[in-house]
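Right, one structure below, let's go through it.
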Amino acid sequence: YASGTLQQRKPPGVPTIVVSRRWGVRPRGRRAFRTASCSFQEVMLTSERYRVQRLPFSHLSDRDVDFFEGIMPGRVITNPEELKPFNVDWLKSVRGCSKLMLKPQTTAEVSQVLRYCHERNLAVNPQGGNTGLVGGSVPVFDEIILSTVLMNRIISFDKVSGILVCQAGCILEKLNEYLEEQGFIMPLDLGAKGSCHIGGNVATNAGGLRLLRYGSLRGTVLGLEVVLADGSALDCLASLRKDNTGYDLKQLFIGSEGTLGVITAVSILCPQKPKAVNLAFLGCQSFAKVLETFTTCRAMLGEILSAYEFMDEKCMELVEKHLKLSSPVAGSPFYVLIETSGSSSTHDEEKLNNFLERVMTSGLVTDGTVATDDKKIKTLWSLRERITEALTHDGYVYKYDISLPVGKLYDLVTDTRARLGHSAKNVVGYGHLGDGNLHLNITADSYSHSLLDAIEPFVYEWTARYHGSISAEHGLGFKKKQFIQYSKPSEAVFLMQRFKAMLDPKGILNPYKMLPSGS
């Protein structure tokens with residue numbers, strides 16, 4: 001590679017890749033950002049679409065509202081217009097009809113609310129940033145929405161240990177900005193980071209873009225403060241990396257989707273901010289070459305590899321069509337996004353250059369570009385992070401979040417595409433290849449029961465056949481709860497039901513979610 005631009009000295013017959021440190025996205029003119037056309041009124045009620053029967057919870061009364069006003073004056077929402085966006089999920093696919101939203105600021109207020117609701121048998125829907133993709137964050141019927149939006153205080157940060165303690169309503173992106181000023185970052189990164197709350201991330205055990213490097217929240221979360229269904233507060237907000245005293249109770253609530261308790265505060269271990277970050281966006285001619293590029297990548301980049309994402313050409317078409325984003329690499333059936341993070345730019349660039357030369361001369365990669373400054377890195381990342389957003393502009397979206405052996409990852413997309421034929425508008429695949437996590441998305445002009453019947457349980461049966469998981473990181477929520485048996489044995493589901501019955505005997509916390517109906 002030559003100095004200044006990373007241009008390969010290639011043998012005859014090998015395509016050229018030019019990866020410039022001065023790279024920028026080629027503009028396609030200034031276009032206005034298009035917002036989703038679906039209004040809240042157009043979203044069918046979940047109870048009607050899925051024919052759900054309301055459980056025998058109490059109905060909200062004026063006396064109940066007066067009680068909550070006494071606890072948190074001015075933070076009780078009953079106006080139907082104000083409630084609309086909190087009754088509908090981000091995908092505009094499910095809708096409840098809650099008549100009340102509460103905005104506590106403290107754990108004590110959450111405790112008072114749940115104690116009262118437990119006594120009155122009022123169902124409660126905990127809600128963070130409402131960015132969930134499986135219908136777990138909005139009511140099914142008239143459950144009271146308990147929002148953590150005002151629980152957004154950073155409690156402490158220890159620069160020596162890198163341990164952050166904060167309330168559950170802190171927005172992920174705001175936490176990351178705060179930490180970057182201290183020389184640290186959050187151990188997780190999501191496309192929804194500008195809206196999602198850390199409490200919701202923990203409650204759903206969100207994975208995201210940094211899991212390959214920093215691991216899951218089950219490892220980075222050190223402690224939790226949780227309010228149980230009867231209003232009792234469980235203070236396990238430890239700031240210790242090692243604590244081997246009894247059962248690790250926080251693990252019960254990580255990934256429990258608000259069904260066992262309401263997370264009010266989090267203690268989390270944060271890594272230091274990398275001093276050098278590089279991003280490569282590459283084109284591959286087959287999924288087999290995507291896999292081989294990953295194998296080469298792990299071997300050659302080793303400890304500096306922080307992300308390995310893949311997406312198919314259909315994803316790029318939708319991002320360009322609906323969001324007017326411009327990809328610097330075109331004409332490939334598959335694309336990979338590789339991020340390196342380290343402490344020495346010279347060392348990291350040398351390793352990356354050696355890797356790029358290897359994959360180019362071997363024919364694994366046919367085209368690509370590299371970015372090293374923050375602005376261009378964010379622009380490249382947006383091509384991957386905003387795929388979900390682009391899909392919502394393409395029509396109704398059937399979303400599947402699957403874990404599979406890496407070698408089988410894209411076969412599910414191919415088989416689903418062949419099965420559905422012209423009955424689907426688009427069938428696309430992308431995801432965290434480094435974690436074996438596929439995001440399979442199917443779009444149609446509108447919701448169709450017949451199309452859903454063609455997709456489910458086919459996708460789940462296919463996944464189970466190869467010993468995968470039907471939910472890698474999104475959770476089960478409302479939409480996937482009936483299919484848990486494809487990933488968990490009946491004995492495990494029964495034990496989960498016993499935990500639920502013990503911690504929430506009246507079933508008031510996020511009912512109709514996570515566990516099969518009749519649990």
If you round to the nearest 0.5 Å, how far is CZ of Arg218 from OG1 of Thr220?
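CZ of Arg218 is found 11.0 Å from OG1 of Thr220.
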Taking atom NZ as the centre, does Lys399 end up with more than 12 heavy-atom neighbours from other residues, nucleotides or ligands that are less than 6.0 angstrom away?
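Yes.
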Hey, are [Y] and [X] close enough side-chain-wise for a donor-acceptor pair under 3.5 Å?
{"X": "Lys481", "Y": "Ser517", "result": "yes"}
{"X": "Glu320", "Y": "Ser326", "result": "no"}
{"X": "Ser403", "Y": "Ser469", "result": "no"}

Can you confirm whether or not the ring centre of [X] sits under 6.0 Å from the ring centre of [Y]?
{"X": "Phe310", "Y": "Tyr430", "value": "no"}
{"X": "Tyr398", "Y": "Tyr396", "value": "yes"}
{"X": "His449", "Y": "Tyr447", "value": "yes"}

Using the salt bridge (charged side-chain N to carboxylate O under 4.0 Å, His left out) rule, collect all pairs that involve residues 435-453, keeping only residues at least two apart or in two chains.
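Only Lys425-Asp445 qualify under salt bridge (charged side-chain N to carboxylate O under 4.0 Å, His left out).
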Test of understanding: with ring pair (Phe, Tyr, Trp, His ring centres under 6.0 Å), list the residues that count as partners of Phe478, not counting sequence neighbours.
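Scan of Phe478 (ring pair (Phe, Tyr, Trp, His ring centres under 6.0 Å), adjacent residues dropped) gives Tyr50.
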Short N-O contact, [X] and [Y], less than 4.0 angstrom:
{"X": "Arg95", "Y": "Asp89", "value": "no"}
{"X": "Glu385", "Y": "Lys193", "value": "yes"}
{"X": "Glu317", "Y": "Lys314", "value": "yes"}
{"X": "Lys513", "Y": "Glu257", "value": "no"}

Could you list the residues that satisfy salt bridge (charged side-chain N to carboxylate O under 4.0 Å, His left out) with Glu339, not counting sequence neighbours?
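Salt bridge (charged side-chain N to carboxylate O under 4.0 Å, His left out) list for Glu339, sorted by chain: empty.
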With sequence neighbours excluded, tell me which residues meet salt bridge (charged side-chain N to carboxylate O under 4.0 Å, His left out) with Arg213.
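Listed in chain order: nothing, the list is empty.
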Asp189 vs Asn176, test: side-chain hydrogen bond (donor to acceptor under 3.5 Å, both in side chains). Steps then yes/no.
CA-CA 9 Å; Asp189 186 23; Asn176 203 67; over 6 Å; no
Using the side chain to side chain donor-acceptor pair (under 3.5 Å) definition, which of the options Glu456, His439, Lys479 pairs with Tyr400?
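For Tyr400, the side chain to side chain donor-acceptor pair (under 3.5 Å) test succeeds with only one of Glu456, His439, Lys479, which is Glu456.
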Can you sort out the partners of Ala206 under side-chain contact (heavy atoms from CB on, under 4.5 Å), two or more places apart, ordered by chain and number?
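Result, side-chain contact (heavy atoms from CB on, under 4.5 Å) vs Ala206: Leu188, Leu190, Asn201, Thr204.
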Kindly write out the residues that satisfy side-chain contact (heavy atoms from CB on, under 4.5 Å) with Glu181, not counting sequence neighbours, or none if the list is empty.
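Result, side-chain contact (heavy atoms from CB on, under 4.5 Å) vs Glu181: none returned.
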Do we get Arg419 above Phe458's six-membered ring, with its NZ or CZ under 6.0 Å from the centre and within 45° of the axis?
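Yes, Arg419 and Phe458 form such a contact.
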Do the ring planes of Phe294 and Tyr308 sit parallel (below 30°), tilted (30 to 60°) or perpendicular (above 60°)?
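The rings of Phe294 and Tyr308 sit tilted, inter-plane angle from 30° to 60°.
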When you compare the side chain of Leu337 with that of Leu383, does any pair of heavy atoms fall below 4.5 Å?
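Counting from C-beta outward, Leu383 and Leu337 never come under 4.5 Å.
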